[in-house]
Number of protein chains: 2
Amino acid sequence: MTEKQRSIMRASIKLFATKGFHASSTAEIAKEAGVAEGTIFRHYKSKKDILLAVVAPVLVKFAAPFILRDIREIFNREAELSVAQIVTELYRNRLELIEANEKHVRILLQEAFFHDEIREALLSTVFRETRTLADQLINSRIEAGELRPLPSEAVFRAILSSLIGLVLFKHVTDRDGFAKRTEEEQIAITVDILLHGIANRP
Amino acid sequence: MTEKQRSIMRASIKLFATKGFHASSTAEIAKEAGVAEGTIFRHYKSKKDILLAVVAPVLVKFAAPFILRDIREIFNREAELSVAQIVTELYRNRLELIEANEKHVRILLQEAFFHDEIREALLSTVFRETRTLADQLINSRIEAGELRPLPSEAVFRAILSSLIGLVLFKHVTDRDGFAKRTEEEQIAITVDILLHGIANRP
DNA sequence: GTCTATAACTCGATAGAC
DNA sequence: GTCTATCGAGTTATAGAC
C-alpha cells in the first residue's frame with residue numbers, strides 16, 4: 001500500500017462518512033487526497049471498489065475480536081464467568097470498538113441500506129457467526145440452569161437489542177446533554193435489566 | 001396540490017426508498033410519475049427540494065402526530081391495563097405502522113444519517129414526546145410497585161430497544177427464512193423477557 | 001427538447017527506483 | 001532499460017435544470 005493509496009482511503013472515509021457514497025465524487029476524493037483522479041483508478045477499478053475497500057476491514061474487525069475468538073474458548077472451558085460478566089464485557093468491548101471506528105461504522109450502516117453486497121457481507125460475517133456461537137453459549141447456560149428455558153433466538157435478540165439501544169441512546173443523549181450517568185453505569189443498569197429478563201432467579 | 005404533483009411525490013417516495021436519493025434521477029422520477037421532466041421543475045426548484053422541502057416535512061409533520069396519537073391512546077387507557085398489556089399493544093401497533101409505511105420509514109432513516117434537519121426533527125418530535133409520555137407511565141408504575149425502582153430512562157431504553165430488535169430481526173430473519181415463529185409469538189416472548197427484566201416479582 | 005456541467009472512468013506520457 | 005506509481009487531459013454518458 002503506497003502513501004497515495006492510504007491518502008485515498010483516508011479521504012474516502014472522510015467524505016463517505018459525511019456526505020455518503022453517492023454524493024462524493026471521485027474528483028472530490030482525488031482533491032481531498034491530493035492525488036490525480038487517474039491515480040484512484042490505478043488502485044481501485046471502480047468507485048464501488050473504494051467503498052468495499054473501506055468497509056471490508058471493519059467487517060473483519062467486528063467479526064473477529066472477542067466474541068468470535070474468545071467465546072468459544074470461554075464456552076469450552078466451562079467458564080467460571082457468569083452470563084452477566086460475559087455480557088458486560090461484551091458491551092464494553094463493542095461500545096469501545098464502535099467508538100474507535102465511528103466513521104467506518106457510519107459508512108457501513110448507511111450503505112448497507114443500498115448495497116446488497118454490503119448487507120449480505122454484514123449478515124453472513126458478523127451476524128450469522130455471532131449468532132451461531134451465541135446459540136451454543138446460551139443453550140449450554142440454559143441446560144446448566146443459569147438461564148431460563150427460552151428460545152435461544154429470543155435470548156440472542158434480547159442481548160443484541162440492548163446493545164443497539166445502548167449505542168443509539170449514547171448518541172442521542174450525548175447530543176442532548178441529558179446523559180447524567182456514566183457509560184459504565186448505563187451498561188450496568190442495562191445488564192441488570194437484561195439478566196433479570198433472561199436469567200433464572202436464584 | 002395537483003394530481004401531477006401527487007404523482008411526483010408518490011414516484012419520489014418509491015424511488016428514494018429503494019435506491020436512495022442520490023441514485024434516483026429526476027428523469028426516472030418523471031418517467032415513474034408519468035409526467036414530463038420539466039413538470040418536476042415547475043413545482044420544485046431542485047431535486048433536493050423534493051426531498052427536503054416536500055418529502056421530509058410531510059413525513060415528519062404527518063408522521064409525528066400520527067405516531068403519537070396511537071401512543072397517547074394506548075397510554076390513556078393505562079389505568080385498566082398492566083404494563084405487559086400496554087407494551088404488547090404498543091409493539092403490535094408499532095410493527096403494523098412500520099410495515100404499512102415501510103418506504104417512508106426507510107427514507108427517513110436513510111436521510112437521517114446525512115441531514116441534520118431530519119434527524120433533529122425526528123428527535124425533537126417523535127422521540128422526545130414519546131419519552132415524556134413514557135416517563136410518566138413508568139414512574140407511576142414504579143410508585144404503584146408494579147415495576148422495579150429503576151431509572152425511567154433505562155426502562156424506556158429497554159422497551160424501545162426490544163421494539164427495535166423485533167423490527168430488525170423481522171427483516172433479517174424474514175429474508176433468511178429461518179423465522180419459524182409467528183410475529184405474535186415473537187412479541188409475546190419479547191414482552192415476557194422485558195417484563196421479567198423490569199417488573200417486580202409478584 | 002436542449003443545454004451545460006459534471007459524473008465515472010481511460011490512457012498515453014513522465015519520472016524516479018532499481 | 002524496465003518497471004511501477006503517478007499525472008492529468010480527454011472521453012463518454014448522463015445528471016440536473018428550465
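Note on naming: letters A, B, ... go to the chains in the order of the sequence lines (proteins, then strands), and numbering restarts at 1 for each one. The shown structure was predicted, so the numbers you read here are calculated from the model rather than taken from an experiment.
Salt-bridge check for B/Arg92 with B/Glu183: failed, with every basic side-chain N at 4.0 Å or more from each acidic carboxylate O. Ion pairing between a basic and an acidic side chain is recognised when a charged N comes within 4.0 Å of a carboxylate O; B/Arg69 and B/Glu129 show no such pairing. A salt bridge links A/Lys19 with A/Glu28; the closest basic N to acidic carboxylate O contact falls under 4.0 Å.
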Exercise for the section: Mark up nucleotides 13-18 of chain D, 5' to 3', with B wherever a protein heavy atom is under 4.0 angstrom from a base atom, S wherever such an atom reaches only the sugar-phosphate, and - elsewhere. Expected result: --SBBB
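Between A/Ile50 atom CD1 and C/dA7 atom P there is a gap of 13 Å when expressed in whole angstrom units. Rounded to whole Å, atom P of C/dT6 lies 12 Å from atom NZ of A/Lys19. Nucleotide D/dA5 holds its P atom 13 Å from the CE atom of A/Met1, rounded to whole Å. The distance between atom CD1 of A/Ile29 and atom P of C/dT6, rounded to the nearest whole Å, is 17 Å.
The one candidate from A/Thr39, A/Ile50, A/Leu52, A/Thr26 that meets the side chain to side chain contact (heavy atoms under 4.5 Å, CB included) condition with A/Tyr44 is A/Ile50.
To the nearest 0.5 Å, atom CD1 of residue B/Ile13 and atom CD of residue B/Glu32 are 11.5 Å apart.
A donor-acceptor contact shorter than 3.5 Å links the side chain of A/Glu111 to the backbone of A/Phe21.
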Practice task
Dump the intermediate steps for salt bridge (Lys or Arg N to Asp or Glu O under 4.0 Å) on B/Asp192 and A/Arg148, then the final yes or no.
Solution key: CA-CA 11 Å; B/Asp192 176 72; A/Arg148 296 164 57 205; 2.5 Å; yes
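For the contact set between residues 6-14 of chain A and DNA chain C, defined by any heavy atom under 4.0 Å, there are no members.
Relative orientation of the A/Phe169 and B/Phe127 rings is perpendicular, given thresholds of 30° and 60° on the angle between their planes.
Looking only at side-chain heavy atoms (C-beta outward), A/His104 and A/Lys61 stay at 4.5 Å or farther from each other. Side-chain contact between A/Phe16 and A/Ile29 is present, with at least one heavy-atom pair separated by less than 4.5 Å.
Enclosure of atom CD in B/Glu96 is not indicated, since only 12 or fewer non-hydrogen atoms of other residues, nucleotides or ligands lie within 6.0 angstrom.
Note on A/Thr39: a side-chain N or O is less than 4.0 Å away from OP1 or OP2 of D/dC7.
One end of the helix from C/dG1-D/dC18 to C/dC18-D/dG1 points its axis 10° away from the other end's axis, with each axis taken from 5 pairs and the angle rounded to 10°.
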